[in-house]
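Contents: one structure, followed by commentary.
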Amino acid sequence: MCTLEKRGDLFLLTLTGEDEHRFHPDTIASVLSLLEQAKSQSTKGSVLITTGHGKFFSNGFDLAWAQSAGHGAIERMHQMVKSFKPVLAALLDLPMPTIAALNGHAAASGLMFALSHDYVFMRKDRGVLYMSEVDIGLPVPDYFSALVVAKVGSGIARRELLLSGKKLKGEEAVALGIVDSAAHDSAEGVVEATVSLGESLAAKKWNGEVYASIRKSLYPELCRMVNLTANNLATHNL
């Protein structure tokens, strides 16, 4: 489902396989475990890069698994929404810069996973951002909305993302301020660009706990939504 590789100061988290990388409870648990592993092994200068194989970065929650339960489908959806929250919390709390290298489409919770990183790079030749909830008739979890408010500065961009059902390609996503870069012609090109950024950030040898503390201070409402409360927001004397 996913792997974690350490290359010097860089951790490379990869969603493996050629499928849609949908978030099933097992996938969620695996990603969370690897983020905890990266945190436990972090040092000054550590950086996390997340990418995937194939056509999809992630196409969101495993709706087929939920629907296979028949009358239990809603309960399974609630289970995934609840269990996914700690993944976003772990990224916000991770003591290192984080970069998402989108190899392809990122939709719904897959897009939220990407936006939980500090930087997001896309391909320009393929891949879209898509919040499908308005089209398929599912409400957006409150912490997803809080993430969009925290990470997407323009009201127009938030409308395009959440209320239009529009599939945003790279250049448009950059213009709306949703992603940082979409100047890359292949999945390999996206990863190479994020590795270059990661190496430049790693060279600064920042204190990861301080970095995480500053990150969390930027998004107090989002942190509250994902249960990163004031008691576990680190403070440092200057």
Side-chain angles (χ1 to χ4, degrees), residues 2-15 31-52 57-58 84-103 106 110-123 129 143 146-153 170 173-174 177-184 187-223 225-226 228 232-236 238:
C2 52
T3 60
L4 184 70
E5 177 186 359
K6 194 170 188 299
R7 301 179 184 175
D9 289 321
L10 306 183
F11 290 94
L12 186 63
L13 175 63
T14 305
L15 304 174
V31 169
L32 187 58
S33 175
L34 293 181
L35 290 175
E36 291 172 348
Q37 181 180 330
K39 182 177 183 178
S40 70
Q41 297 177 8
S42 65
T43 59
K44 284 188 175 181
S46 291
V47 175
L48 176 80
I49 296 170
T50 303
T51 191
F57 176 74
S58 171
F84 191 66
K85 186 182 293 189
V87 173
L88 272 58
L91 282 166
L92 290 168
D93 196 42
L94 203 64
M96 64 187 77
T98 58
I99 312 168
L102 305 191
N103 54 294
L111 176 51
M112 295 297 98
F113 181 54
L115 288 182
S116 298
H117 292 70
D118 299 321
Y119 303 87
V120 183
F121 282 29
M122 289 182 70
R123 297 169 62 165
L129 309 182
Y143 67 96
L147 175 62
V148 172
V149 169
K151 293 296 191 86
V152 180
V174 171
I178 300 170
V179 304
D180 299 283
S181 175
H184 320 290
E188 294 77 14
V190 175
V191 172
E192 287 173 5
T194 56
V195 166
S196 178
L197 172 60
E199 289 175 342
S200 68
L201 294 172
K204 298 179 184 295
K205 297 297 180 183
W206 286 326
N207 180 305
E209 294 298 330
V210 171
Y211 186 91
S213 175
I214 295 171
R215 180 201 286 128
K216 290 180 287 190
S217 74
L218 291 174
Y219 313 121
E221 178 61 15
L222 173 59
C223 286
M225 284 283 191
V226 297
L228 285 174
N232 55 19
L233 298 182
T235 58
H236 299 267
L238 300 179

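This one's a predicted model, so the numbers in the text were calculated from it and none came from an experiment.
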- Query: V31 versus L15: any side-chain heavy-atom pair under 4.5 Å?
  - Reply: yes
- Item | L34, L91, D118 screened by side chain to side chain contact (heavy atoms under 4.5 Å, CB included) with L48, the one that passes | L91
- Message: I'd like to know if the side chain of T50 reaches the main chain of A100, judged simply by a donor and an acceptor atom lying under 3.5 Å from each other, with no hydrogens or angles considered.
- Response: no
- Just by modelled atom types, is the A101 backbone N or O under 3.5 Å from a matching donor or acceptor in the T51 side chain? yes
- Message: Using a 3.5 Å distance criterion without hydrogens, assess whether the side chain of S196 forms a donor-acceptor pair with backbone atoms of E192.
- Response: no
- Note on the structure: One should read off an interatomic distance between Q41 CD and E36 CD, to the nearest 0.5 angstrom, of 12.0 Å
- Counting distance only, does the side-chain N/O of T194 pair as donor-acceptor with the main-chain N or O of V190 below 3.5 Å? yes
- Message: Keeping R123 on the side-chain end and N103 on the backbone end, is there a donor-acceptor pair under 3.5 Å?
- Response: yes
- Query: Are D180 and L197 side-chain neighbours, meaning at least one heavy-atom pair lies under 4.5 Å?
  - Reply: no
- Task: Kindly indicate whether the side chain of K39, heavy atoms from C-beta on, has any atom under 4.5 Å from the side chain of L94.
- Result: yes
- Query: How many angstroms lie between atom CD of E199 and atom CG of L10, to the nearest 0.5 angstrom?
  - Reply: 5.5 Å
- Item | Shortest non-hydrogen separation from R215 to L92 and the atoms involved | NH1-O, 2.8 Å
- Please step through side-chain contact (heavy atoms from CB on, under 4.5 Å) for the pair I178 and V120, ending with a clear verdict. CA-CA 8 Å; I178 300 170; V120 183; over 6 Å; no
- Message: What I'd like to find out is whether the side chain of L88 reaches to under 4.5 Å of the side chain of L147, using heavy atoms alone.
- Response: yes
- Of all the heavy-atom pairs spanning M96 and A38, show the shortest one and how long it is. CE-O, 3.7 Å
- Message: Which heavy atom of L115 sits nearest to which heavy atom of K151, and what is that distance?
- Response: O-NZ, 2.7 Å
- Message: Using 30° and 60° as the class boundaries, would you call the ring planes of F113 and F57 parallel, tilted or perpendicular?
- Response: parallel
- Query: Just by distance, do the side chain of K6 and the backbone of G8 share a donor-acceptor pair under 3.5 Å?
  - Reply: yes
- Message: Using every non-hydrogen atom in the two residues, find where P97 and L201 come nearest and quote the distance to one decimal.
- Response: CB-CD1, 3.8 Å
- Message: By the definition side chain to side chain contact (heavy atoms under 4.5 Å, CB included), identify the one residue from I49, T3, L35 that meets it with L13.
- Response: L35
- Task: Can you establish whether the number of heavy atoms outside K204 located under 6.0 Å from its atom NZ is more than 12?
- Result: no
- Message: Taking the side chain as everything from C-beta on, heavy atoms only, tell me whether K44 gets closer than 4.5 Å to D9.
- Response: no
- Message: With heavy-atom distances below 4.5 Å as the criterion, would you say the side chains of R7 and L12 are in contact?
- Response: yes
- Message: To check you understand the geometry: which heavy-atom pair defines the closest contact between V174 and S181, and what is its length?
- Response: CG2-C, 3.8 Å
- Query: Where is the tightest heavy-atom contact between S46 and S42, given as atom of each residue plus distance?
  - Reply: OG-CA, 3.5 Å
